[in-house]
Amino acid sequence: MKLISLIFAILLAAVGASGQAFSSAVEVVTVYSQNGSFYLKSIPFDNEFPSPRGKTSVYAAGSDTPLYVFDRGFDSLEKDSNNLILSDDGEVIFYAIPWDADEEKEDMKSVTIYKHGAILKSYTETEVNGCDKKRERCSLLYSNYEEVVDKEKSHWGTPNYKKVFRDGVDEKEKFLSDFPIFSYGDTVYLTDSKKQVHVFDLRDGSLVRSEPFDHIYEQIKDKGSLTKTKLQTVEAPTFSDFPKLKDGRDAKKALAAYLGMKVVDSSEPKDEQFKWYWLKLSGDILRDGTFKVESIETDDALPKDKIEEFFRTNRFDSNPVPLVFERWNVGEQYFTLRKSSDDLARKEKEEEKLRQRQELEERLTAENINGVYIPKNLGECFTELDKLLPEVDRNEMKALADRKEMIQYHMGLGLWMRNNWGLWGGSRLQKYFTDRGVRHPDNMSGVILYYYYDWLKGNKESWKTWESNPLSR
């Protein structure tokens with residue numbers, strides 16, 4: 001199931017859907033309750049979105065002293081998005097993630113409702129709108145922007161932007177363009193891509209009912225309003241390398257010395273003669289220079305406990321982090337090390353090459369690599385794709401006008417096949433293609449996509465023609 005979800009996510013990226021993103025700027029978000037009596041201020045701790053990292057404080061209007069504070073940032077907002085709502089008593093926060101929610105994590109589900117800083121209820125998109133992602137394209141929020149907005153008259157993409165509707169757009173579509181989600185008193189109304197309105201009660205976080213938009217429009221047409229929202233843009237700190245120690249020393253070199261090793265310079269050809277050891281780390285740097293490790297992955301040969309001790313006992317330079325942030329997540333940082341003895345590091349490299357040659361020989365006949373079945377020929381690629389891909393994706397591929405249009409999946413599904421079917425690292429499928437004169441992984445995945453279209457269209461034998469004459473494509 002996880003594999004299918006992964007491929008589905010990759011396919012979405014391939015056809016242009018949004019995915020988790022990073023920005024050079026972030027926004028401090030202020031949102032007011034509908035009655036204006038309370039407001040929240042949310043400060044992010046990273047430039048990834050959507051992301052829960054951050055801190056949110058809730059205030060009574062006119063006060064600078066928070067009523068309560070909790071660890072959670074809210075992002076993916078625009079001034080008129082309405083997807084972050086504060087109740088009129090300041091106690092409840094309703095948050096909808098319009099894209100790229102992580103339904104496996106409670107605080108990153110499509111809808112999360114907080115009461116006094118603790119999660120009251122959370123809902124996946126399927127729990128809200130019943131969407132079956134394997135069989136249909138659907139989304140949490142209704143969007144008709146491209147169909148109803150006159151971009152030229154709206155001065156789209158300029159500082160003078162103001163939404164202007166195209167001529168002839170009816171009142172219902174205008175309403176949905178402005179208010180696919182909004183609050184009225186203790187009630188939130190959310191309209192999904194299938195024009196179903198889902199009604200939430202802020203008092204207990206319950207999903208009260210769902211009904212077609214056309215049935216409820218007359219009841220809600222005068223209730224829609226925009227949540228008062230202020231966005232303060234702040235340049236996000238960037239770390240092309242790990243922050244230096246407070247005393248100015250290079251952190252990577254200091255860690256290497258602490259472990260009795262040396263840093264590898266991957267740009268130096270001379271370092272290719274040595275065996276490398278890797279470390280991947282993420283975490284937050286605090287204002288006082290403390291580093292809080294969030295996750296750490298290391299080569300099995302590295303002493304993980306000693307590495308953790310290094311980051312726990314040292315202080316780092318937090319000056320690149322603007323004062324508005326009390327902490328900041330540095331993202332994934334990579335360290336590459338080697339043994340300090342040149343002779344030992346060189347000997348390890350030779351031993352590693354020998355192991356890699358042995359592993360490659362094993363990969364060229366293996367049925368499974370890293371838990372993934374490796375097709376033995378082009379026809380098996382198609383039967384595996386039929387198993388792995390959701391029906392909605394197969395139907396969209398089948399509906400393409402020509403198999404040449406399958407090129408749009410080169411960086412999505414094609415990337416997955418190249419990485420997981422061993423087209424780069426060696427596999428029996430890679431050997432199948434090289435034996436037939438196809439030597440580059442991009443071309444291998446291209447052949448698979450090209451003939452998979454024929455397969456979906458009912459021509460189950462065309463791949464055999466290619467197999468007997470690979471230059472016939």
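Throughout, residue positions are numbered sequentially from 1 according to the sequence presented.
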Please determine whether a side-chain nitrogen of the Lys or Arg among [X] and [Y] lies less than 4.0 Å from a carboxylate oxygen of the Asp or Glu.
| X | Y | value |
| --- | --- | --- |
| E48 | R53 | yes |
| D107 | K105 | no |
| K460 | D454 | no |
| E173 | K195 | yes |
| K109 | E103 | no |
| R394 | E391 | no |
| E146 | K151 | yes |
| K398 | E396 | no |
| K194 | E136 | yes |

Are any non-hydrogen side-chain atoms of [X] and [Y] less than 4.5 angstrom apart?
| X | Y | answer |
| --- | --- | --- |
| V26 | W328 | yes |
| L190 | V197 | no |
| F70 | S57 | no |
| Y95 | D75 | yes |

Legend entry - Option from K133, R137, R135 for which salt bridge (charged side-chain N to carboxylate O under 4.0 Å, His left out) with D393 holds: R137
Examine [X] together with [Y] and report whether their ring centres are nearer than 6.0 Å.
| X | Y | answer |
| --- | --- | --- |
| F179 | Y189 | no |
| Y114 | F74 | yes |
| Y451 | F382 | no |
| W463 | Y453 | no |
| H155 | Y161 | no |
| F242 | Y334 | no |
| Y32 | F38 | no |
| Y217 | F175 | yes |

Inset, instruction - Kindly indicate, with the supporting measurements, whether the criterion salt bridge (charged side-chain N to carboxylate O under 4.0 Å, His left out) is fulfilled by E91 and K115. - result: CA-CA 5 Å; E91 284 291 299; K115 186 166 186 176; over 6 Å; no
Inset, instruction - For the pair V164 and V149, evaluate side chain to side chain contact (heavy atoms under 4.5 Å, CB included) and give the outcome as yes or no after the intermediate values. - result: CA-CA 6 Å; V164 176; V149 173; over 6 Å; no
Taking atom types as modelled, is there a side-chain donor on [X] or [Y] under 3.5 Å from an acceptor on the other?
| X | Y | value |
| --- | --- | --- |
| S295 | S282 | yes |
| D265 | S267 | yes |
| E106 | T112 | no |
| D192 | H198 | yes |
| D46 | S51 | yes |
| S177 | K163 | yes |
| T56 | R72 | no |

Inset, instruction - Using the six-membered ring wherever Trp is involved, compare the ring planes of F291 and F311 and label them parallel, tilted or perpendicular (cut-offs 30° and 60°). - result: tilted
Grab the two heavy atoms, one from [X] and one from [Y], that are nearest each other, plus how far apart they are.
| X | Y | answer |
| --- | --- | --- |
| A236 | N47 | CB-CB, 3.9 Å |
| P237 | F325 | CD-CE1, 4.3 Å |
| L400 | Y409 | CD1-CE1, 4.1 Å |
| V321 | I285 | CG2-CG2, 4.0 Å |

Legend entry - Verdict with reasoning, D386 to W455, per side chain to side chain donor-acceptor pair (under 3.5 Å): CA-CA 10 Å; D386 280 351; W455 176 276; 2.9 Å; yes
Legend entry - Donor-acceptor under 3.5 Å (S33 side chain, D88 main chain): no
Legend entry - Greater than 12 external heavy atoms within 6.0 Å of K457's NZ: yes
Inset, instruction - For the pair D247 and R315, evaluate salt bridge (charged side-chain N to carboxylate O under 4.0 Å, His left out) and give the outcome as yes or no after the intermediate values. - result: CA-CA 9 Å; D247 60 14; R315 294 294 177 268; over 6 Å; no
Legend entry - Residue among N82, V31, L84 satisfying side-chain contact (heavy atoms from CB on, under 4.5 Å) with T229: V31
